[in-house]
Amino acid sequence: MGKGGSLSGSVIKKILLSYTYVAIWIFLSFTVIVYNKYILDKKMYNWPFPITLTMIHMSFCATLAFILIKVFKVVEPVSMSRELYLSSVVPIGALYSLSLWLSNSAYIYLSVSFIQMLKALMPVAVYSIGVLFKKDGFKTDTMVNMLSISFGVAIAAYGEARFDTWGVMLQLGAVAFEATRLVMIQILLTSKGITLNPITSLYYVAPCCFVFLLVPWIFVEFPVLRETSSFHFDFVIFGTNSFCAFALNLAVFLLVGKTSALTMNVAGVVKDWLLIAFSWSVIKDTVTPINLFGYGLAFLGVAYYNHSKLQALKAKEAQKKTAQADEEAGRLLEEREGEGTGKKSESQN
């Protein structure tokens with residue numbers, strides 16, 4: 001009874017910890033999205049400079065990642081040659097900088113709720129680009145699922161009260177670049193046996209993101225900031241915003257490390273619905289029934305996609321365990337045959 005009680009107690013503790021990690025990630029992800037919207041929206045803080053905001057995030061995150069790795073040694077840096085950095089990390093950094101730039105720009109033109117609906121296209125983009133680069137095999141049922149998600153998002157877009165073509169193009173561009181980045185991570189890093197957690201990712205990727213963003217910033221935003229005398233750095237606003245962005249990366253590290261990437265996907269769906277509700281009730285964005293119907297269809301498609309991935313992962317794990325069991329059985333059989341041969345030779349002697 002005591003043993004059983006301690007086991008159930010440890011299971012309950014593990015479940016509670018998992019829910020705590022999920023809650024922390026949802027809270028921080030929610031906070032960063034709403035905070036970025038608050039800063040960039042012309043009707044709120046009115047500081048519509050997405051490149052500058054992204055550069056502030058990258059410099060802050062790169063500095064803290066350097067301190068955590070080099071000073072406090074929280075995690076070990078990955079040994080990486082200059083050639084590997086230039087050929088693998090730099091292209092990923094370029095894609096990440098474009099994704100962040102465009103996604104932050106979209107907050108100026110679109111509501112938080114509609115942006116979350118458009119982000120439902122991420123599995124479609126990742127799968128399509130994966131097939132294009134031959135990282136995923138083409139499957140008819142998966143493509144039908146992707147089309148159902150796209151159809152749902154199209155309905156949500158049709159029902160959007162504050163539809164802005166330029167804002168939609170920015171967000172779709174951000175989705176495309178982010179999906180390409182995720183596929184490139186598999187091609188350029190994972191396939192070479194290099195695994196970067198969120199802290200080491202920021203350590204290596206954030207500095208080159210900053211450099212890439214510096215070029216468009218000089219020509220696009222710096223002249224405007226200089227002319228309007230808006231180059232005033234509010235340490236409270238931008239400091240807390242950057243800290244939330246960095247804390248979100250740590251939360252990803254914690255959530256994926258202690259649970260799984262699939263748990264984060266499911267938590268992301270919960271977060272999206274919470275953001276839509278918050279956008280409608282607090283920010284007073286218009287959410288139409290057609291919006292919700294379209295996003296509901298897309299949500300079902302994403303849920304089915306995650307379920308299919310989970311089933312495929314379970315089948316792969318089962319196959320791996322079966323292969324290991326067969327290998328172990330074969331090894332034991334060889335040992336017994338060896339022992340039998342040894343005993344037979346001894347009896348003959």
Side-chain angles (χ1 to χ4, degrees), residues 25 29 54-55 57-70 73-103 119 122-138 173-214 245-265 268 305-306 309-310 312-313 316-317 320:
W25 180 81
S29 182
T54 309
M55 288 173 67
H57 287 173
M58 290 298 102
S59 56
F60 186 89
C61 290
T63 304
L64 279 187
F66 178 85
I67 292 170
L68 287 174
I69 290 174
K70 292 295 185 180
K73 302 189 186 299
V74 175
V75 292
E76 287 294 323
V78 178
S79 58
M80 191 179 299
S81 64
R82 179 176 293 181
E83 291 75 20
L84 183 63
Y85 182 82
L86 292 173
S87 63
S88 299
V89 175
V90 170
I92 291 168
L95 291 166
Y96 193 37
S97 61
L98 287 167
S99 171
L100 291 172
W101 171 15
L102 297 184
S103 63
K119 283 181 180 179
M122 185 61 74
V124 180
V126 171
Y127 177 72
S128 302
I129 293 168
V131 170
L132 185 67
F133 284 97
K134 298 181 179 178
K135 288 302 294 179
D136 278 312
F138 179 85
V175 168
F177 282 122
E178 178 63 11
T180 307
R181 182 185 76 91
L182 293 173
V183 175
M184 286 296 109
I185 286 173
Q186 292 180 344
I187 295 171
L188 300 177
L189 293 178
T190 309
S191 62
K192 297 175 184 177
I194 300 170
T195 304
L196 299 178
N197 62 51
I199 300 174
T200 51
S201 290
L202 289 174
Y203 177 75
Y204 289 109
V205 175
C208 67
C209 276
F210 182 89
V211 173
F212 276 115
L213 290 167
L214 191 61
F246 183 78
L248 177 59
N249 281 278
L250 293 183
V252 171
F253 180 45
L254 197 66
L255 182 61
V256 176
K258 299 296 182 181
T259 57
S260 67
L262 191 66
T263 302
M264 194 175 84
N265 287 341
Y305 177 68
N306 286 334
K309 282 178 68 178
L310 178 61
L313 192 64
K316 191 176 180 180
E317 283 294 320
K320 187 178 178 182

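Numbers for residues simply follow the sequence, beginning at 1. For clarity, every value in this text was computed on a predicted model and none was experimentally measured.
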Exercise for the section: Please assess Met184 against Phe133 for the test side-chain contact (heavy atoms from CB on, under 4.5 Å), listing each intermediate value before the final yes or no. Expected result: CA-CA 9 Å; Met184 286 296 109; Phe133 284 97; 3.7 Å; yes
Results of side chain to side chain contact (heavy atoms under 4.5 Å, CB included) for [X] - residues two or more places apart only:
{"X": "Ser81", "result": "Glu83, Leu84"}
{"X": "Ala174", "result": "Leu102, Ser103, Gln171"}
{"X": "Leu98", "result": "Trp101, Phe177"}
{"X": "Pro207", "result": "Ala62"}

Using 0.5 Å steps for rounding, measure from the [atom1] atom of [X] to the [atom2] atom of [Y].
{"X": "Tyr96", "Y": "Leu213", "atom1": "OH", "atom2": "CG", "value": "11.0 Å"}
{"X": "Met58", "Y": "Leu100", "atom1": "CE", "atom2": "CG", "value": "5.0 Å"}
{"X": "Ile92", "Y": "Leu196", "atom1": "CD1", "atom2": "CG", "value": "7.5 Å"}
{"X": "Met80", "Y": "Tyr85", "atom1": "CE", "atom2": "OH", "value": "8.5 Å"}
{"X": "Ile187", "Y": "Ser88", "atom1": "CD1", "atom2": "OG", "value": "11.0 Å"}

Fill in the blank from the handout: Residue pairs meeting side-chain hydrogen bond (donor to acceptor under 3.5 Å, both in side chains), one or both in residues 194-210, sequence neighbours left out, come to Asn197-Thr200
Exercise for the section: Go through the steps to decide whether Leu68 and Phe246 satisfy the test side-chain contact (heavy atoms from CB on, under 4.5 Å), and finish with yes or no. Expected result: CA-CA 12 Å; Leu68 287 174; Phe246 183 78; 3.4 Å; yes
Completion exercise
Shortest non-hydrogen pair, Ser128 vs Val124, comes out as OG-O, 2.7 Å
Problem - Which atom of Gly93 lies closest to which atom of Val205, heavy atoms considered - result: CA-CG1, 3.7 Å
Problem - salt bridge (charged side-chain N to carboxylate O under 4.0 Å, His left out) partners of residues 174-202, not counting sequence neighbours, each pair once - result: Glu178-Arg181
Practice task
Check side chain to side chain donor-acceptor pair (under 3.5 Å) between Asp136 and all other residues, then give those that pass, not counting sequence neighbours.
Solution key: none
Problem - Any residue meeting side chain to side chain donor-acceptor pair (under 3.5 Å) with Ser29, in chain and number order, not counting sequence neighbours - result: Lys271
Problem - Within-4.5 Å side-chain heavy-atom neighbours: Leu250 and Ile199 - result: yes
Exercise for the section: Report yes if the side chains of Thr54 and Phe210 come closer than 4.5 Å at any heavy-atom pair, otherwise no. Expected result: no
Handout entry: Ser97 side-chain N/O to Phe212 backbone N/O, donor-acceptor pair under 3.5 Å
Key = no
Problem - Val75 and Ile69: CA distance, side-chain angles, deciding distance, side-chain contact (heavy atoms from CB on, under 4.5 Å) verdict - result: CA-CA 6 Å; Val75 292; Ile69 290 174; 3.7 Å; yes
